[in-house]
Number of protein chains: 2
Amino acid sequence: MEHPGGGGAGLGGGNVPAFLTKLWTLVEDPDTDTLICWSPSGTSFHVFDQGRFSKEVLPKFFKHNNMASFIRQLNMYGFRKVVHIEQGGLLKPERDDTEFQHPFFIKGQEYLLENIKRKVSAVRQEEVKLSADEVNKILNDVQLMKGKQETIDSRIIAMKHENEALWREVASLRQKHAQQQKVVNKLIQFLVSLVQTNRILGVKRKIPLMLNDSSSRKKNVQHLDKTT
Amino acid sequence: MEHPGGGGAGLGGGNVPAFLTKLWTLVEDPDTDTLICWSPSGTSFHVFDQGRFSKEVLPKFFKHNNMASFIRQLNMYGFRKVVHIEQGGLLKPERDDTEFQHPFFIKGQEYLLENIKRKVSAVRQEEVKLSADEVNKILNDVQLMKGKQETIDSRIIAMKHENEALWREVASLRQKHAQQQKVVNKLIQFLVSLVQTNRILGVKRKIPLMLNDSSSRKKNVQHLDKTT
DNA sequence: GGTTCTAGAACC
DNA sequence: GGTTCTAGAACC
């Protein structure tokens with residue numbers, strides 16, 4: 001069913017595209033050897049006189065008579081034109097001779113045809129399909145992120161400074177507190193001695209102090225001790 | 001000097017590319033009318049029998065005898081093939097007839113040739129020339145920046161918390177300091193009254209206090225007052 | 001998957 | 001800018 005075209009060369013096996021089976025038949029056919037045939041080595045084929053070939057041979061196998069369409073198909077299947085080095089204008093006044101080749105199109109190696117794959121259609125792979133507009137959008141985003149990072153960086157620096165100043169103030173306040181505590185202790189010490197003196201003198205007076213009040217919040221900030 | 005090819009049709013004026021002057025000459029030349037000539041309306045031209053045309057006419061004007069190269073040049077200059085609707089297989093068994101047209105290629109309007117411009121070479125505009133590899137590199141950079149920003153964000157949050165705790169400790173310490181100051185004041189007040197009492201009793205003693213010492217650093221942290 | 005017209009790209 | 005080989009893309 002997948003074997004259209006009356007090539008009739010007994011091409012079985014794998015699913016070989018119609019173009020390849022037709023091409024094989026075309027090259028093999030001795031009747032058309034004056035226009036299309038294997039090269040002597042069997043690794044390529046020649047087309048002579050494109051004008052006659054396209055008008056007399058192509059229509060028998062394809063739905064057209066254009067050499068360009070034939071070449072397009074060859075390229076689509078990975079065939080490459082064989083380029084010849086200039087022969088310095090020898091005897092032959094240049095015969096109309098075009099040669100094509102494909103690593104899996106070899107005379108006598110019919111089974112290799114299965115390895116010739118048609119190039120995938122041009123439906124883009126989506127991956128690289130980026131318009132200039134989309135690229136600009138990405139670059140714009142990057143620019144925005146750059147700006148945001150600079151903003152954040154300066155904010156971090158400001159916070160760092162604020163933090164350092166706070167640590168200094170905390171240290172200062174703690175020191176101040178310790179100093180005051182010393183003062184308080186000395187005062188109390190002094191008072192005690194004074195009271196003792198006064199007691200000797202018979203003086204009695206109530207002392208309204210709240211010495212324990214200021215040390216009750218100490219636990220709140222213990223986890224802040226600098227460790228860095 | 002910029003006028004090669006013996007067109008000789010008296011093409012003066014602007015800098016018309018050689019291909020266009022040659023093409024004009026070719027189409028005008030009555031000797032080649034059986035192979036290439038104006039259409040009856042003069043808005044396009046026909047090529048008959050590509051085989052003979054490419055082998056007999058092209059070499060006389062160009063450095064090749066390939067129809068494909070001729071068509072490539074036509075397309076390069078913006079010519080378009082004129083596609084004909086199928087004539088339902090009338091009398092003519094299809095003559096080898098190809099027609100091309102360009103809005104500025106009009107019979108008798110030679111001066112219009114200057115308006116036909118060769119399409120710019122395929123040297124990419126650099127802007128959209130991005131390989132998948134380069135795109136991936138950019139996307140990778142964006143990803144890295146994203147990660148960096150997340151790191152910074154969490155660091156900012158940590159610093160913010162630390163800062164808030166510090167502000168709380170500063171407030172606490174200030175309050176503690178104020179409390180202590182009250183204590184100290186009360187102690188001093190008490191002492192003063194006590195001393196006065198003692199003076200009455202004839203007691204004399206030197207008081208070794210350093211009350212001014214703890215308030216001398218106050219200016220260091222004045223700029224930290226919270227304003228938010 | 002086949003056919004057609006046009007364009008890309010390398011080389012000259 | 002010209003020539004050549006190959007590919008893109010639309011349409012069938």
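Every chain is numbered from 1, with letters handed out A, B, ... down the list of sequences.
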I want to verify a distance call: between [options], whose nearest atom is closest to the [X] side chain?
X        : options             : result
B:Val83  : D:dG2, D:dT6, C:dC5 : C:dC5
A:Lys63  : C:dT6, D:dT6, C:dT3 : C:dT3
B:Asn75  : C:dG2, D:dT6, C:dA7 : C:dA7
B:Arg118 : D:dA7, D:dT3, C:dT6 : D:dT3

[X] [atom1] to [N] [atom2]: how many Å, rounded?
X        : N     : atom1 : atom2 : answer
A:Leu58  : C:dG2 : CG    : P     : 14 Å
A:Lys119 : C:dG2 : NZ    : P     : 15 Å
B:Phe70  : C:dC5 : CZ    : P     : 15 Å
B:Gln73  : C:dA7 : CD    : P     : 13 Å
B:Phe79  : C:dT4 : CZ    : P     : 23 Å

OP1 or OP2 of [N] sitting under 4.0 Å from any side-chain N/O of [X]?
X       : N     : answer
A:Lys81 : D:dT6 : no
A:Asn66 : C:dT3 : no
A:His64 : C:dG2 : no
A:Tyr77 : C:dG2 : yes

> Which pair of heavy atoms, one from B:Cys37 and one from B:Phe48, lies closest together, and at what distance?
Replying inline: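 Looking at all heavy atoms of both residues, the shortest contact is SG-CE1, 3.8 Å.
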>> Between A:Met76 and A:Ile71, which residue's closest nucleotide on DNA chain D lies nearer the 5′ terminus?
In response: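 Nearer the 5' end of the strand: A:Ile71.
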> Does the pair A:Lys55 and B:Asp96 meet the rule for a salt bridge (Lys or Arg N to Asp or Glu O under 4.0 Å), with working shown?
Replying inline: CA-CA 10 Å; A:Lys55 283 176 188 59; B:Asp96 186 348; 3.2 Å; yes
>> I'd like to know if the side chain of A:Asn66 and the backbone of A:Ala68 have a donor-acceptor N/O pair within less than 3.5 Å.
In response: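 Side chain of A:Asn66 to backbone of A:Ala68, a donor-acceptor pair under 3.5 Å: no, none is there.
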> Under 4.0 angstrom, heavy atoms only, what part of the nucleic acid is B:Arg72 near: base, sugar-phosphate, or nothing?
Replying inline: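 Base contact.
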>> In terms of relative ring orientation, are B:Phe79 and B:Phe45 parallel, tilted or perpendicular, with 30° and 60° separating the classes?
In response: perpendicular
>> Do A:Thr98 and A:Gln50 pair up side chain to side chain, a donor and an acceptor below 3.5 Å, judged on atom types alone?
In response: yes
